[in-house]
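Counting convention: from 1, in listed order, for ligands and their atoms alike.
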Amino acid sequence: MVARLVLVLGDQLSTSLSALKAADKARDVVVMAEVAAEASYVRHHPKKIALIFAAMRKFAATLEKDGWDIRYTQLDDMENAGSIVGELLRRATQTGASKVIATEPGEWRLIQELEQAPLGIDILQDDRFIASHGEFERWADGRKALRMEYFYRDMRRKTGLLMEGDKPAGDKWNFDHDNRKPAPGDVAGAGPLVFAPDDTVKDVLALVEARFGENFGDLHPFEFATTRAQALKALAHFVKHALPRFGDYQDAMLSAKPYLYHAVISPYINIGLLDPLEVCQAVEDAWKAGDVPINAAEGFIRQIIGWREYVRGIYFLEGPDYTSRNVLGHDRALPAFYWGAETRMNCLSHAVDQTRAHAYAHHIQRLMVTGNFALLAGVSPTAVHEWYLEVYADAFEWVEAPNTVGMSQFADGGIIASKPYVSSGAYINRMSDYCKGCAYKVAVKTGEDACPFNLLYWHFLDRHRDRFKNNARTGNMYRTWDRMDEDRRETVLRDAESWLAKLDAGEVV
Ligand code: FAD
Ligand code: DLZ
Ligand code: SF4
């Protein structure tokens with residue numbers, strides 16, 4: 001019988017992949033390819049490209065050992081066709097295959113390319129998720145608002161995680177009330193387990209340095225896990241050393257501690273080295289063993305079976321135009337300090353520096369520092385979306401776009417976020433140590449020294465009054481604003497305008 005091609009993409013490195021399960025090891029040929037089209041559709045952080053290429057090479061070796069016939073193309077192979085479809089066509093000619101089995105990619109762009117390819121491609125559902133597209137559609141159907149919390153409860157019931165019969169463990173679905181403490185300055189922070197580069201990784205690092213060395217981001221030191229075995233060790237390290245305090249300090253930010261008690265496993269889950277359910281089971285086991293408190297276990301499991309599944313559901317429900325939504329009509333260019341240019345804002349400077357160094361920032365840095373600023377300043381959500389897709393090692397469109405366009409920039413009109421995630425400097429000051437070392441003064445509300453978040457917060461609310469004044473969660477902010485005397489309101493708006501004019505003129509702000 002003629003062989004079929006089995007496509008395995010760089011974020012599909014799971015032996016349980018639906019395309020592999022549907023294939024016949026004795027007959028079919030696995031195609032994996034490092035291609036320029038995927039490596040440059042945005043200017044990915046060099047660490048992200050290195051992670052994907054190194055993990056792809058090692059995954060191919062694992063499959064080969066397991067008896068699969070693999071056709072692997074390295075980026076600098078002379079015959080490399082440069083794109084996924086090009087590589088499939090080349091391998092089809094080589095092997096005589098006329099059919100391809102693929103698992104659905106996590107991006108509309110690539111799904112459409114596969115659908116339009118002159119090949120018979122069978123695209124199977126990606127079943128490495130808890131909810132299928134059909135299940136999410138049924139949940140969403142007829143609901144006025146698609147709130148994550150209700151979807152999450154269904155996922156708890158479906159998986160049985162942290163359930164006691166049909167009741168949530170500890171009698172509450174959500175323990176956030178106990179979470180989100182500001183970090184005292186002396187917390188240790190566990191930090192992720194790191195891995196020294198082996199020969200495969202060193203080869204990839206040399207390639208990435210030569211081809212993508214100009215992209216924003218430091219390639220060295222490269223310390224990510226690149227195999228499932230290493231990723232499992234990183235998970236065990238997190239569960240033992242960081243999970244117990246994960247809930248407490250989930251939203252805290254400290255200049256010297258980029259990771260605090262976060263897991264730093266999203267890149268591994270997203271490329272397939274770890275399975276989301278096994279991760280949650282490890283966390284539940286630690287709670288059952290009495291090693292971690294319920295607020296940490298519940299808070300963590302909610303991020304995975306709640307938020308992660310929910311944002312994927314929204315991405316596929318909303319369709320390919322989701323990334324170009326812009327209900328607030330924001331069109332400012334992304335400021336140069338997102339690419340490392342100088343800024344006087346210490347919070348932004350730290351979040352961007354960490355991003356450049358590690359291809360990582362934790363959720364609150366993404367949401368309440370870089371995201372919050374872009375939203376307040378009215379930056380084009382498409383530009384913001386591209387930035388997040390480029391700079392983080394865990395960024396794949398199905399998860400990045402809803403978090404950025406929806407949750408962070410409110411550009412989808414509130415499908416994901418029930419209110420815009422905006423704050424003045426007071427929130428950042430409460431949750432971090434950034435303000436202490438800042439050229440601006442967080443307590444100052446107007447004038448040259450005023451924290452720009454303080455100025456822009458009111459400017460944002462004022463310019464979007466019609467949209468947000470009746471929102472149950474922002475309405476009281478308008479009452480505060482309206483209670484200020486008129487002179488003060490005018491001064492705040494004038495100072496915000498002149499600060500934005502300096503930003504637009506390219507001054508260091
Ligand atoms: P932890 O804080 O330790 O959380 C544990 C796990 O929960 C993560 O590994 C991740 O798998 C999952 N998780 C937590 N929050 C979310 C969420 N909102 N959506 C989906 N999964 C979540 N996450 C990505 O995986 N890829 C992205 O491209 C991405 N872009 C984001 C962009 C913005 C603007 C924002 C606000 C958030 C984004 N997130 C993204 C979500 C979240 O910030 C990251 O998942 C998290 O920071 C990863 O670090 P961690 O493994 O240390 O997470
Ligand atoms: C992100 C990425 C990169 C940088 N390079 C490759 C590659 O060379 N080959 C490949 O198969 N996949 C790569 N990927 C992951 C794809 O871009 C990803 O599958 C799609 O964005 C869908 O999530
Ligand atoms: Fe950021 Fe304002 Fe604090 Fe400076 S004072 S670190 S700009 S929040």
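- Two rings, from Tyr322 and Trp108, have their centers 6.0 Å or more apart.
- When Val283, Leu367, Leu389, Asn403 are ranked by how near their heavy atoms come to atom 19 (N) of ligand 1, first place goes to Asn403.
- Among Gln303, Met148, Gln365, Glu397, the residue whose heavy atom lies closest to atom 15 (N) of ligand 1 is Gln303.
- The main-chain N or O of Thr103 is never found under 3.5 Å from a side-chain atom of Asp126 such that the two would form a donor-acceptor pair.
- If you take CZ on Arg156 and CZ on Arg302, they are separated by 9.0 Å, rounding to the nearest 0.5 Å.
- With hydrogens left out, the protein atom closest to atom 26 (N) of ligand 1 is Asp394 O, 2.9 Å, a heavy atom.
- Between the side chain of Glu104 and the main chain of Leu124, no donor-acceptor pair closer than 3.5 Å is present.
- Taking a 6.0 Å sphere around NZ of Lys419, one finds it holds more than 12 heavy atoms contributed by other residues, nucleotides or ligands.
- Of all atoms in ligand 1, numbered sequentially from 1 with element shown, those under 4.0 Å from a heavy atom of Tyr388 are 32 (C), 34 (C).
- Within ligand 1, counting atoms from 1 as listed, the ones closer than 4.0 Å to a heavy atom of His262 are 1 (P), 2 (O), 3 (O), 52 (O).
- The aromatic rings of Phe53 and Phe212 sit perpendicular to each other, their planes meeting at more than 60°, with 30° as the lower class boundary.
- Looking at Ser408 against ligand 1, only its side chain comes within 4.0 Å, counting heavy atoms.
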For ligand 2, run through the N/O pairs with the protein that fall under 3.5 Å and put one pair on each line.
residue  : atom   : partner : partner atom : Å
ligand 2 : 8 (O)  : Val35   : N            : 2.8
ligand 2 : 9 (N)  : Ala33   : O            : 2.8
ligand 2 : 11 (O) : Gly10   : N            : 3.0
ligand 2 : 12 (N) : Gly10   : N            : 3.2
ligand 2 : 17 (O) : Glu38   : OE1          : 2.6
ligand 2 : 19 (O) : Asp11   : OD1          : 2.6
ligand 2 : 19 (O) : Asp11   : OD2          : 3.4
ligand 2 : 21 (O) : Tyr41   : OH           : 3.3
ligand 2 : 21 (O) : Glu107  : OE1          : 2.9
ligand 2 : 23 (O) : Asp11   : OD2          : 2.6
ligand 2 : 23 (O) : Gly106  : N            : 3.4

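- When heavy-atom distances to ligand 1 are checked against a 4.0 Å cut-off, Pro276 has no atom that comes that close, whether in backbone or side chain.
- With hydrogens and angles ignored, the 3.5 Å screen pairs no side-chain donor or acceptor of Asn215 with any backbone N or O of His45.
- Here the shortest heavy-atom distance to atom 30 (N) of ligand 1, taken over Arg366, Glu309, Arg302, belongs to Arg366.
- Ring geometry for Trp499 against Phe373 counts as perpendicular: the plane angle is over 60°, on a 0 to 90° scale with 30° as the lower cut.
- When the shell of 6.0 Å around NZ of Lys181 is examined, it contains more than 12 heavy atoms from other residues, nucleotides or ligands.
- A salt bridge is defined here as a Lys NZ or Arg NE, NH1 or NH2 lying under 4.0 Å from an Asp or Glu carboxylate O, and Lys257 with Asp433 fails to meet this definition.
- Contact analysis leaves Pro267 out of contact with ligand 1, as no non-hydrogen atom separation drops below 4.0 angstrom.
- Using the six-membered ring where Trp is involved, Phe224 and Phe222 have ring planes that are perpendicular, over 60° apart on the 30 and 60° scheme.
- Listed by chain and number, the protein atoms of type N/O/S under 2.8 Å from atom 4 (Fe) of ligand 3 are Cys438 SG; waters are omitted.
- Tyr360 counts as a contact of ligand 1, since one of its heavy atoms falls under 4.0 Å from the ligand.
- Among Met368, His363, Gln250, His385, the residue whose heavy atom lies closest to atom 47 (O) of ligand 1 is His363.
- Using a 4.0 Å cut-off between charged nitrogen and carboxylate oxygen, Arg325 and Asp412 do not count as a salt-bridge pair.
- Remark: Lys47 is not positioned above the aromatic ring of Tyr360, lacking an NZ or CZ atom under 6.0 angstrom from the ring centre and at most 45 degrees off the axis.
- Note: Phe300 and Phe238 have tilted aromatic rings, judged against thresholds of 30 and 60 degrees for the angle between ring planes.
- At a heavy-atom cutoff of 4.0 Å, ligand 1 is contacted by no atom of Tyr392, backbone or side chain.
- When the heavy atoms of Ser266, Pro258, Ala263 are ranked by distance to atom 48 (C) of ligand 1, first place goes to Ser266.
- Using a 30° and 60° split on the angle between ring planes, Phe151 and Tyr310 fall in the tilted class, from 30° to 60°.
- In this structure, Tyr338 has its ring center under 6.0 Å from that of Trp387.
- Heavy-atom proximity to Ala361, at under 4.0 Å, picks out these atoms of ligand 1: 47 (O).
- Listed for the Glu278 side chain is no donor-acceptor partner under 3.5 Å among the backbone atoms of Leu274.
- Proximity of the aromatic rings of Phe246 and His262 is defined here by a centroid distance below 6.0 angstrom, and this criterion is met.
- At least one N or O atom of Asn270, backbone or side chain, sits closer than 3.5 Å to an N or O atom of ligand 1.
- Counting heavy atoms under 4.0 Å from ligand 1, residue Phe238 does not touch it at all.
- Of the polar atoms of Val264, at least one N or O is found under 3.5 Å from an N or O of ligand 1, judged by distance alone.
- Contacts between Phe246 and ligand 1, counted as non-hydrogen atom pairs separated by less than 4.0 Å, involve the side chain only.
- For a threshold of 3.5 Å applied to N or O pairs, the pair formed by Val399 and ligand 1 contains no separation below that value.
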